[in-house]
Amino acid sequence: VCARTKAGVRTVTIDAGHGGKDPGTLGPNSKEKDVTLAVALRLGEKIRAKHPEVKVIFTRDKDEFIPLDERSAIANVAKSDLFISIHCNSASATVAKGVETFVMGWHMAEDQFEVAKRENSVITFEQDYSQKYNHFDPNSPESYIIFSLMQNVFHDQSIEFATLVQQNFVKKNNRFDREVKQAGFLVLYKSSMPAVLIELGFLSNRKEESYLLSPKGQEETAEAIAQAFDTYAKRREVSLLEKVTSDSARADTASPAAVGRRYLIQVASVNERIGSKHPLRREFPNLIELHEGKRYRYFTDRYGSYEEAKRNLQTVKEKYKDAFITSFED
């Protein structure tokens with residue numbers, strides 16, 4: 001096993017959605033809680049087999065009810081490097097089909113809101129849920145405004161893993177692609193690591209239900225996620241940045257010492273460019289800006305070795321607890 005995998009992803013938490021008194025969505029012959037548990041356990045076995053150095057944690061490994069906030073808490077306490085929540089979909093139209101993978105976010109269409117609403121309604125099984133979740137109402141669009149206030153430094157990594165999962169489902173399992181999306185899920189809300197919620201398919205669709213109930217379907221589904229994990233883990237330690245800003249590129253060209261691999265500490269990933277008077281620019285005089293698509297990523301500085309970056313990371317994390325190391329090559 002490559003050293004990058006060992007250092008990049010040390011712990012993964014796998015969350016089998018629903019359980020116990022909460023059956024989840026119901027198909028003609030199935031309960032969501034049973035399908036998610038079966039796939040979650042298979043996935044854990046596969047990761048352990050290929051990556052014995054990775055610690056695999058389950059939020060549940062049997063048919064029991066686990067409150068939503070406890071699921072992310074389990075991952076946080078374990079200091080997991082990745083959180084994978086597994087679910088099944090449902091729709092009134094029985095022809096609805098396909099797989100989709102969600103990351104945390106506010107900008108969601110009506111169908112995404114419906115998925116979030118259904119999954120978040122689990123909290124009604126919990127005692128005093130209104131007080132426990134600060135009067136959050138899973139059926140009220142206004143309640144989801146809390147998610148628009150989030151600045152998740154792990155958004156890019158979550159998107160990366162979600163994309164790998166979708167690609168494997170579509171290309172290797174020949175599943176219908178409902179794409180990577182974002183929505184406000186309470187189970188992802190307080191996770192302090194890259195996190196995704198995977199909808200394996202529609203139990204309301206008899207064909208997909210039959211597939212997800214079969215050993216073949218569960219094996220293929222778990223394998224697709226496991227292979228996504230394998231690719232993600234190998235990339236994580238030294239993910240190569242394909243593009244740097246012209247300022248950074250000029251700085252590297254001007255200094256012969258900068259040629260080669262350099263390690264950086266990412267402290268922010270946002271939708272809008274930060275201003276000249278932003279606290280980050282004052283705190284980090286050598287702040288590096290990278291514009292990729294619609295995202296602006298910010299790094300504290302360049303370091304010549306992983307060890308040097310790791311030493312500096314401890315100081316940075318005192319204020320920016322979600323900061324992490326990445327790298328690029330000239």
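Residues Q218 and Y211 bring no donor and acceptor atom of their side chains to less than 3.5 Å of each other. In summary, the side chains of Q166 and T101 do present a donor paired with an acceptor at a separation below 3.5 Å, with no hydrogens or angles considered. A donor-acceptor contact closer than 3.5 angstrom is absent between the side chains of D81 and T11. A donor-acceptor contact closer than 3.5 angstrom is absent between the side chains of T326 and Q266. One side chain, H87 or S85, offers a donor N or O that lies under 3.5 Å from an acceptor on the other.
What you find for F229 and V12 is that their closest heavy atoms are CE1-CB, 4.1 Å. In this structure, R60 and A16 approach most closely via the heavy-atom pair NE-O, 2.9 Å. Nearest heavy atoms, G17 versus T36: O-OG1, 2.9 Å. Between V99 and G201, the shortest heavy-atom contact is CG1-N, 4.4 Å. Pairing each heavy atom of T13 with each of S80, the nearest pair is OG1-OG, 2.5 Å. Across all non-hydrogen atoms, the minimal contact from F83 to R71 is CE1-O, 3.7 Å.
Using a 4.0 Å cut-off between charged nitrogen and carboxylate oxygen, K33 and D22 do not count as a salt-bridge pair. We find that E53 and R10 are not joined by a salt bridge, their nearest charged nitrogen and carboxylate oxygen being 4.0 Å or further apart. Look at R311 and E307 and you find no salt bridge, because none of the NZ, NE, NH1 or NH2 atoms lies under 4.0 Å from a carboxylate O. Salt-bridge annotation for E289 and R273: present, with a side-chain N of the basic residue lying under 4.0 Å from a carboxylate O of the acidic one. A salt bridge is absent between R175 and E100; no separation between the charged side-chain nitrogens and carboxylate oxygens falls under 4.0 Å.
When ring centroids are compared, F161 and Y232 come within the 6.0 Å threshold. For H18 and F65, the gap between ring centers reaches or exceeds 6.0 Å.
In this structure the side chain of I86 reaches within 4.5 angstrom of the side chain of L200, judged on heavy atoms. Using a 4.5 Å heavy-atom threshold, the side chains of V165 and I198 count as touching. A heavy-atom distance below 4.5 Å is not found between the side chains of T94 and N205.
Among V103, L82, L164, the single residue meeting the side chain to side chain contact (heavy atoms under 4.5 Å, CB included) criterion with V196 is V103.
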Worked verdict on E219 versus K46 for salt bridge (Lys or Arg N to Asp or Glu O under 4.0 Å): CA-CA 10 Å; E219 173 68 17; K46 290 178 178 296; 2.5 Å; yes

Criterion salt bridge (Lys or Arg N to Asp or Glu O under 4.0 Å) on E208 and K97, from CA distance to verdict: CA-CA 7 Å; E208 288 204 337; K97 64 179 182 178; over 6 Å; no

Worked verdict on Q227 versus E223 for side-chain hydrogen bond (donor to acceptor under 3.5 Å, both in side chains): CA-CA 6 Å; Q227 289 183 15; E223 180 63 22; 2.7 Å; yes

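R281 CZ: more than 12 foreign heavy atoms inside a 6.0 Å radius. For K31, the NZ atom sits in a loose shell: 12 or fewer heavy atoms of surrounding residues, nucleotides or ligands are nearer than 6.0 Å. For K317, the NZ atom sits in a packed shell: over 12 heavy atoms of surrounding residues, nucleotides or ligands are nearer than 6.0 Å. For CG of N29, the number of neighbouring non-hydrogen atoms (other residues, nucleotides, ligands) closer than 6.0 Å is greater than 12.
Once rounded to the nearest 0.5 Å, the distance linking CZ of F299 with OG of S269 reads 8.5 Å.
With hydrogens and angles disregarded, no donor-acceptor distance shorter than 3.5 Å links the side chain of R302 to the backbone of Y263.
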